[in-house]
Structures are given as structure tokens and as C-alpha cells.
Amino acid sequence: MIETHRIDLPRIVLIGEGVLDSLGSTCQELGFDSALLVTGRTTFEIAGKRAMENLRSSGVRVEEVFVGTAKLEHVSNIRERVEKHGHKVLIGVGGGSVIDTVKIGSTRAKKPFISIPTTASHDGIASSVASLKSLHRPYSVKTQSPIAVIADSKIVRHSPYRFTASGCGDILSKHVSVQDWKLAHEVRKEYYGAYAASLAFMSANLVMEQAENIKECTEEGIRTLLEALVSCGVAMSIAGSSRPCSGSEHLFSHALDLIAPKPALHGEQCGVGTIMMAHLHGLDWEKITNTLKILGGPTTAMELNIPEEYLVEALVKAQSIRPERYTILNEVNLTHSKAKALAEYCKVV
Ligand SMILES: [Zn+2]
């Protein structure tokens, strides 16, 4: 039997200064006359309000709903509202948790969604994978891809810079995740898609080249980062899994989320993980460190504000977070002393 490979991609992607004002016309173009806008309290002030005015002036009926962290109760609330009022589309305006909630909510309500990120903190803005907080731990949920992505670089440029640097850490991690994927293909005969892998790898290289522009928050720099984040989402859709964008460095970050009393941002942890996993892969880890330094992102446990012992423990436990995901960690088997030596060698502790 010939295996088929289904790829769902966004139909419209708008990136640039002031593109938020094209939301109404985008909805008209796609035939949506009624929308549920999902946002947070702060992001409503930053972009949600303007989005609603723009929709109304284009003749789109819209009501808003406020959500916090991506939790199941928000998801069911969204679904009920959509069913009750017959909304044609969901629009997520906000950071990672808002977008994740909309992704899951819209998938369950069987309605399309539009992603409007207000920060560039990670590559979930255009992907078909979301993270949901359950009672004890967050877990990944497969969702649909957004039908449209509207990433206004002016809004992102004015967001707290820490989020932007975090997004860069998430993108730089593709240097490692692509290698882990290749390794899994060689050792375990796992499916490997050269096109998806190249797209993720290219995004990481472009962000590396634009590091100084991103640090200065120039239009070109922020646009490159947004394009990279969207491209990585597309790479995951093409691959049909998070494989091209999530390897051992992501397992390390997930472990920190569970172990550290106060975890740092996802992309910040992935960036630091990338330094150490790059070394395990025999890549130029110092180049990763230097790029993160140019970007003003953390490169050490101290800068992550996580005590060293938790970081070492996260290295030891990383592979057990998702045992089926074969990575370089399966080859090196990090004991406590090996993990500590690795972190020391890479100047992370
Ligand atoms: Zn990530």
C-alpha cells in the first residue's frame, strides 16, 4: 500500500508593519461574517480592541472572550460560545497561551482559526501542535493549522524584548532538532522529510545572520524572526509532527518545566539546551552561545535564574520525558556526573 502524506497549511500569511488592520478584509475574503475573538486582558488593550474595531468596520459580527493559561475549562467555554452563537471563525489575539487555547478550542468546535500573535516568543504561532496545562503537567495536543496568520511586526517590536530573545532561542534550537531527526532516521528508520528539515534549518540560519538586527528590533530583524517562526510552524505541518523543530534540546526544556521551581521561558530554556546538545552532536556550540549573547538571551543556568542542580537533573531526565523520541541523548546516556561535566564544558554552569 502506498502511504499518503497529508499537509495542512495556512491559506493567508500576513507579516509586516500594520497588517493587523487587514484583519477585517481578510475575514471578508475568506467569507467569515461572524467571529469569536479570544484574547487576554493585556493583549486586548495592545491589539484586541483594535482588531474588534477593524472587524466591525468591515461588517464582521464579533464578540470577545478572555482566557488565561491554556486550560481545559477555557477550551470548553470557547466551544460552547461558538456553538451557541454560530461563529464562523475563531481569532486568537495574544501570546503563546491564548494562541494554544484557540488552536485547541477551534479544533474541537470544528471551526477554522486565525492566529494573531502579539509576541514572537515561540514557534507555535503557525503550527498544528499546542500545549495544554492539565492538573500536573503540560502535554502536547495535535490540532489544526491556522487558516490565516496575521503577524504585525509593529506590535511585536513593542512587546517586552525578553519574549523576542526567547523566540530566537526556539528558532536556533532547530540546528539540533534537525540533527536529532536525521539520527532517528539513520538508527531507527524513522520517517525523515528533507524538505521540512531544510525549512527549519534555514530559518535557524537566517535568524543567526540577523541577530544584530533582531537585538536592535529593526523592522528587518523582527520580520525575519516572524517569518522564521511561521516557517517552522509550516515545517511541522509538512512533517506531520513536531520532529523538525523539537529534539533533545526541547526534551531538556520540558524536563526543566517539570523540575525547576520557577522555569524560565520556553525559548530561553531551549536556547541553553541547544548549546549543550550541539556539543553532543559535534556541532559548533560556541557559535550558538555567541549568537545568543548577541541577541541578549540567557546562556547559563544563572541567567535562566535556575539553580544549577535542577539544570543538571533536567539533563539526566530529559530523554525519559518522551522515551519514544529518539535523540542524541539515547546515544550518550547522561549520568549525573556526565551531565554536570557537559554543562561545565559548555560554560552553562
Ligand atoms: Zn519550541
Side-chain angles (χ1 to χ4, degrees), residues 69-70 94-101 103-104 115 117 119-133 137-143 145-146 149 151 156 162-181 196-197 199-208 214 225-258 260 263-278 288 291-292 295 297-298 304 314 318 321-322 325 327-329:
T69 324
S97 354
V98 168
I99 305 286
D100 277 355
T101 308
K103 264 186 204 171
I104 303 168
S115 170
T119 64
S121 61
H122 64 72
D123 64 17
I125 61 181
S127 74
S128 51
V129 189
S131 166
L132 186 69
K133 284 225 165 41
R137 55 188 290 178
Y139 61 97
S140 283
V141 186
K142 182 108 183 64
T143 66
S145 293
V149 182
V156 170
R162 188 182 167 198
F163 291 121
T164 305
S166 166
C168 293
D170 201 15
I171 295 295
L172 290 177
S173 76
K174 306 336 172 202
H175 282 290
V176 163
S177 55
V178 165
Q179 292 302 323
D180 279 326
W181 194 15
L199 191 57
F201 184 64
M202 180 181 70
S203 303
N205 280 331
L206 288 171
V207 161
M208 210 167 218
I214 295 171
L225 174 59
L226 286 170
E227 283 169 359
L229 293 168
V230 171
S231 299
C232 286
V234 167
M236 288 187 260
S237 295
I238 294 173
S241 79
S242 62
R243 254 300 185 188
C245 298
S246 167
S248 48
E249 77 301 329
H250 268 67
L251 294 177
F252 164 73
S253 171
H254 297 328
L256 273 180
D257 285 339
L258 296 178
L265 295 177
H266 169 79
E268 292 177 328
Q269 296 182 163
C270 288
V272 172
T274 302
I275 299 172
M276 296 179 283
M277 303 309 162
I288 306 281
T291 308
L292 284 169
L295 287 160
L304 283 175
I321 298 288
R322 211 174 160 182
R325 178 145 293 191
T327 71
I328 191 73
L329 292 169

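Counting starts at 1 for both ligands and their atoms, in listed order.
Checking side-chain atoms of E268 against main-chain N and O of S166 turns up no donor-acceptor pair under 3.5 Å.
With contacts defined as side-chain heavy-atom distances shorter than 4.5 Å, the pair T327/R322 does not qualify.
When distances from the Zn ion (ligand 1) to the N, O or S atoms of H266 are compared, NE2 comes out shortest. D170 contributes OD1 as its N, O or S atom closest to the Zn ion (ligand 1).
Residue side and main chain included, C245 places no N/O/S atom under 2.8 Å of the Zn ion (ligand 1).
Remark: F201 engages H175 in a ring-ring contact (aromatic ring centres under 6.0 Å, His included) (not counting sequence neighbours). Residues satisfying the side-chain hydrogen bond (donor to acceptor under 3.5 Å, both in side chains) test with T291, not counting sequence neighbours, are none.
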